[in-house]
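What follows is a short report on a single structure.
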Amino acid sequence: MSARLEAEHLYKVFGRRPDQAVERLREGADREELRADGTTAAVIDASFSVAPGQIFVVMGLSGSGKSTLLRMLNGLLEPTAGRVLFDGQDLTALGDRELREVRARKISMVFQHFALFPHRSVRENAAYGLEVQGVPRAERLKRAGEALALCGLAGWEDSWPDELSGGMQQRVGLARALATDADLLLMDESFSALDPLIRRDMQDQLLELQQSLKKTIVFITHDLNEAMRLGDRIAVMRDGRIVQTGTAEDILVRPADDYVSSFIQDVDRSRVLTASSVMDTDLRGDEADCACETATPDTPFNELCAISARLTHAVAVLDKDHELVGVVPRQRLVAFLGDEQHEPTPCVSPRDGGEKVTAHA
Amino acid sequence: MPRLPLGDWVDSGVDWLLAHMSWLFDAIKTVVEGMYDGINAVLTAPEPLLLAGIFAVIAWWLRGLVAGVLAFAGFLLIDSLDLWDRAMSTLALVLVATVIALVISIPLGIWAARSKTVSAVVRPALDLLQTMPSMVLLIPAILFFGLGTSAGVIATLIFALAPGVRMTELGIRQVDAELVEAAEAFGTSPRNTLLRVQLPLALPTIMAGINQVIMLGLSMVVIAGMVGTGGLGGAVNEAIGQLDIGFGFEAGVGIVVLAIYLDRMTSALGTQISPLGRRAAAKARAAGNEKPWNYRPRPAFAVIGVVVLALVAGGMGVFGSSSGTKATSATDVGKGKNITIGYIPWDEGIASTFLWKEILEERGYKVTTTQYAAGPLYTGLATGQVDFQTDSWLPTTHAEYWKKYGKQLDDLGSWYGSTSLELTVPAYMKDVNTLADLKTHASEFGGKITGIEPSAGMMGLLKTKVLKEYGLQGSYDVVDGSTPAMLAELKRAYAKKQPIVVTLWSPHWAYSDYKLKKLKDPKNAWGKGDGVHTVARKGFAADNPDVGKWLKDFKMTESQLTGLEAQIQKSGKGEEQDAVRTWLKQHPGLVDQLAPVAKNQQSR
């Protein structure tokens with residue numbers, strides 16, 4: 001399947017003579033060198049592609065350039081170099097007017113601090129994008145109402161933004177973005193300003209909506225847990241560069257460098273890992289020959305632990321065709337949970353009651 | 001440091017503008033005067049009570065019942081002080097200046113908010129306009145637009161422009177950047193972003209700016225009164241010019257009522273028309289405390305009320321204006337022709353001006369008299385705004401003005417002479433008899449000579465010549481002020497028998513009221529005595545041969561002049577013309593003597 005959105009070697013440099021700075025960056029100059037000259041390289045050589053219906057999360061700390069990257073995707077910022085292709089159309093080649101047309105119809109955005117218009121009611125806020133498109137009043141209010149209902153705000157249409165809680169305000173922001181029927185949703189730290197419980201609710205709701213709507217979403221966050229929860233694919237940014245792109249498991253299991261691994265220390269692995277990334281593929285062949293409970297490659301880590309606790313031996317992992325693809329010994333589960341890659345060291349003076357080694361029983 | 005001839009550049013710039021851009025100034029003048037006349041006509045057409053009612057209903061709608069009642073009381077007060085027409089003319093002036101200021105400042109503010117370059121250029125220009133002393137701008141305004149409404153409006157609006165621009169720029173810049181970005185992210189065009197997001201959200205700030213524009217405009221109205229805009233500003237100006245504290249206070253109260261009304265109404269309007277303001281008001285209402293005196297009529301009801309009152313007012317205006325057909329008499333030479341006399345609030349000027357006003361009105365002319373400072377008066381004559389004035393001291397005292405404007409003026413000859421200028425002390429200053437004596441008594445007088453308007457010719461003469469001749473420059477400062485202030489100071493010092501030295505001239509009623517001593521001038525530093533000349537705009541005598549002849553033949557003796565001055569002084573401010581009538585009754589036949597009507601004209 002071809003990509004819906006593609007970024008090709010995007011650069012964004014703020015300051016004087018940006019083109020020269022891009023040249024120097026291509027020759028391998030450092031971000032710090034440029035900063036000494038008073039130019040800021042916000043995004044350096046960013047390339048990625050997003051498939052239709054996918055949630056692509058860009059994760060990075062503040063100042064890593066992720067928001068700048070997002071704003072280049074819908075032309076709010078013009079890239080200093082590189083291209084953005086949306087459905088094969090080069091957005092960077094468009095004029096202001098055509099670009100506005102694309103933003104009005106095909107790309108919508110959800111903001112960190114909601115950015116609701118305080119002088120418009122909830123319904124009018126949700127209808128804003130349609131108003132820009134020129135949809136007649138009656139129809140746009142009807143469609144705005146539907147979008148609000150989808151986001152769980154039925155009955156609040158005639159309220160005003162300042163009467164709603166933060167979570168509800170962001171639902172209005174989401175409804176405003178969904179009402180336009182845009183294919184691409186850009187979400188800029190959209191849940192970061194919410195408190196943790198509300199944030200979880202919103203994440204769940206987004207995933208639920210995504211099941212039925214199948215939008216293409218680029219989601220910006222500084223929270224790796226959020227990235228892992230939402231992202232079909234994740235790009236990790238550092239100092240303007242994308243340091244790793246991959247699925248949540250790729251990043252967790254095969255961090256590209258020390259920076260990424262230092263990042264993933266705090267991640268709740270049990271929520272992200274599945275049997276396929278934990279299992280040992282070095283097989284004898286007879287592990288699934290008993291009638292005991294088995295797992296599939298998609299079985300989450302938590303459930304794997306539960307199965308393992310009910311068995312006396314390692315859990316066998318079978319694929320769709322019931323072929324044995326791997327085995328998960330209990331030792332491995334503990335090692336992954338503790339992020340320990342080495343084999344256990346034998347005890348010098350084993351005592352009674354010491355745990356039996358069951359791994360290769 | 002070499003002297004930078006900035007002033008010369010400005011002078012030649014003004015001359016160039018006058019020579020090449022007068023069509024533009026004339027066009028602006030036409031627009032401004034048209035607007036002013038229109039608004040003024042609307043405001044003065046209805047009965048004062050009805051218009052006060054309309055103002056009250058607007059206040060009731062915008063702010064509530066108490067505001068409505070107070071507004072009505074305030075406007076009644078203005079009417080009862082007999083200042084209604086003046087107040088309406090001031091209101092019209094402020095409204096015109098405000099409307100034009102907003103038409104200029106809001107687009108400029110928007111532009112400045114969107115471009116840093118524009119903002120950087122506009123800011124110092126606004127600083128210049130706002131802080132440049134207003135009189136400095138007023139004189140060029142007269143040169144470009146002539147005396148009267150348009151010069152006043154332009155000076156007012158230049159002064160009031162700055163907050164309109166600044167607050168518009170500030171309001172737009174203050175709109176949350178994320179909201180603007182949101183609008184852009186949904187593909188809103190820059191124009192719609194402005195109209196749908198930035199302006200609605202900036203509206204409260206912009207309304208505060210409009211409020212400031214109006215208030216600054218009102219405060220400028222008094223200064224604009226100096227160039228003959230009339231209205232309350234003119235009233236205040238006349239009152240302070242003639243030291244009439246009571247009348248000045250009344251006119252001041254009129255301005256205060258207008259100011260408070262306009263201030264409260266515009267700030268309430270800010271809440272009414274901005275979506276955020278309405279939202280806040282609705283919230284406050286929802287929170288309770290609904291009291292009967294806070295009840296405000298719905299907009300539709302208020303509009304109906306205003307329209308009904310306005311219709312009644314308009315109807316009455318129609319009936320009211322059908323009166324007044326003038327009887328023609330044999331001595332009606334003028335046939336209602338307009339003549340404008342300008343005067344400086346000096347006693348002989350007031351006396352002769354109102355004498356001629358009375359005489360010309362008896363001869364069927366419509367005469368307008370307006371008070372000016374000397375500078376604007378000569379400018380007005382030179383530009384043809386004023387027909388004539390009777391108080392030019394030539395050839396010495398007003399030599400500077402004559403040098404500058406003489407070519408555009410006609411000298412109709414001296415009607416009184418000769419005059420003298422002098423420094424004067426009270427008679428109780430026994431040891432001071434000549435100008436030379438002043439030197440040794442400098443500490444007694446505090447090194448202070450109480451002077452009059454700095455624009456008066458004698459002040460220039462005193463500073464550049466007289467002090468030098470007698471070696472007084474080091475020991476005395478000349479205090480600039482005004483004639484009434486000098487006279488008040490003299491009166492105060494005289495009552496307490498304190499030492500004082502003032503600039504004075506003969507003839508003057510002060511010499512008959514107080515025991516004063518003219519300081520002798522053996523070196524003849526003050527020069528020869530002047531004649532008091534009548535000076536008309538170029539061509540006035542040709543346009544009005546009768547009046548021209550009367551003025552050329554005009555003469556007054558010292559006893560006539562001092563007698564008339566004393567009568568005016570006795571009658572008080574505002575009663576000058578009555579004083580002239582009383583005085584003329586005591587001098588029967590004088591009118592015919594001063595303004596003879598030929599036999600064949602009489603028989604017509």
Side-chain angles (χ1 to χ4, degrees), chain A residues 67 70-71 73-77 94 96-121 124-135 140 158-163 172-173 176-180 182 184-190 193, chain B residues 110 113-117 120 167-168 170-208 268-288 299:
Chain A
S67 286
L70 187 77
R71 278 159 180 71
L73 299 181
N74 66 352
L76 284 179
L77 289 175
L94 296 180
D96 283 351
R97 188 176 295 267
E98 299 142 317
L99 199 54
R100 278 203 295 271
E101 192 63 16
V102 169
R103 286 205 293 260
R105 298 187 182 277
K106 296 186 178 163
I107 305 179
S108 54
M109 193 160 169
V110 184
F111 294 83
Q112 179 172 10
H113 301 291
F114 323 138
L116 300 182
F117 301 116
H119 58 300
R120 290 163 168 263
S121 70
E124 286 169 328
N125 260 292
Y128 184 82
L130 297 169
E131 190 180 328
V132 175
Q133 287 181 6
V135 174
R140 69 173 184 248
D158 294 321
S159 305
W160 289 75
D162 61 357
E163 293 169 336
V172 180
R176 177 173 65 179
L178 293 176
T180 62
L184 177 61
L185 217 58
L186 304 181
M187 302 185 73
D188 182 14
E189 302 229 20
S190 298
Chain B
I110 292 171
R114 303 179 119 196
S115 153
K116 279 199 179 123
T117 323
M167 297 294 255
T168 306
L170 178 72
I172 291 177
R173 283 192 188 273
Q174 267 180 345
V175 172
D176 190 349
E178 206 182 31
L179 292 180
V180 178
E181 191 178 47
E184 283 171 6
F186 281 92
T188 321
S189 63
R191 183 168 162 272
N192 278 335
T193 305
L194 183 70
L195 292 178
R196 289 176 179 171
V197 179
Q198 290 172 302
L199 279 183
L201 292 175
L203 203 57
T205 316
I206 296 177
M207 283 307 293
L269 196 63
T271 331
Q272 287 297 307
I273 63 173
S274 99
L276 286 179
R278 274 207 298 270
R279 175 85 195 97
K283 235 175 169 179
R285 266 202 304 282

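Proteins get letters first, then strands, A, B, ... in listed order; numbering begins at 1 in each.
Heavy atoms only, all atoms of each residue included: B:A185 and A:N74 are closest at CB-ND2, 4.1 Å.
Within the 3.5 Å criterion, the main-chain N or O of A:F111 finds no donor-acceptor partner in the side chain of B:E178.
Within the 4.5 angstrom heavy-atom criterion, only side-chain atoms of A:D162, from C-beta onward, approach chain B. Looking at A:Q112, the atoms closer than 4.5 Å to chain B (heavy atoms on both sides) sit in the backbone and in the side chain alike. In this structure, the portion of A:L116 lying under 4.5 Å from any heavy atom of chain B is its backbone and not its side chain. Contact of A:L99 with chain B is not made at all, since no heavy-atom distance falls under 4.5 Å. Both the backbone and the side chain of A:F117 come within contact range of chain B, each with at least one heavy atom under 4.5 Å from a heavy atom of that chain. Only the side chain of B:L201 comes within less than 4.5 Å of a heavy atom in chain A; its backbone stays farther off.
In this structure, the separation between CD on B:E181 and CZ on A:R71 is 3.5 Å, given to the nearest 0.5 Å.
Heavy-atom neighbours of B:D176 CG from other residues, nucleotides or ligands within 6.0 Å: above the threshold of 12.
The stretch residues 190-200 of chain B places B:P190, B:R196, B:V197, B:P200 near chain A, each with some heavy atom under 4.5 Å from a heavy atom of that chain.
Here the options are A:R100, A:E131, A:R176, the test is side-chain contact (heavy atoms from CB on, under 4.5 Å), and the partner is B:F186; only A:R176 passes.
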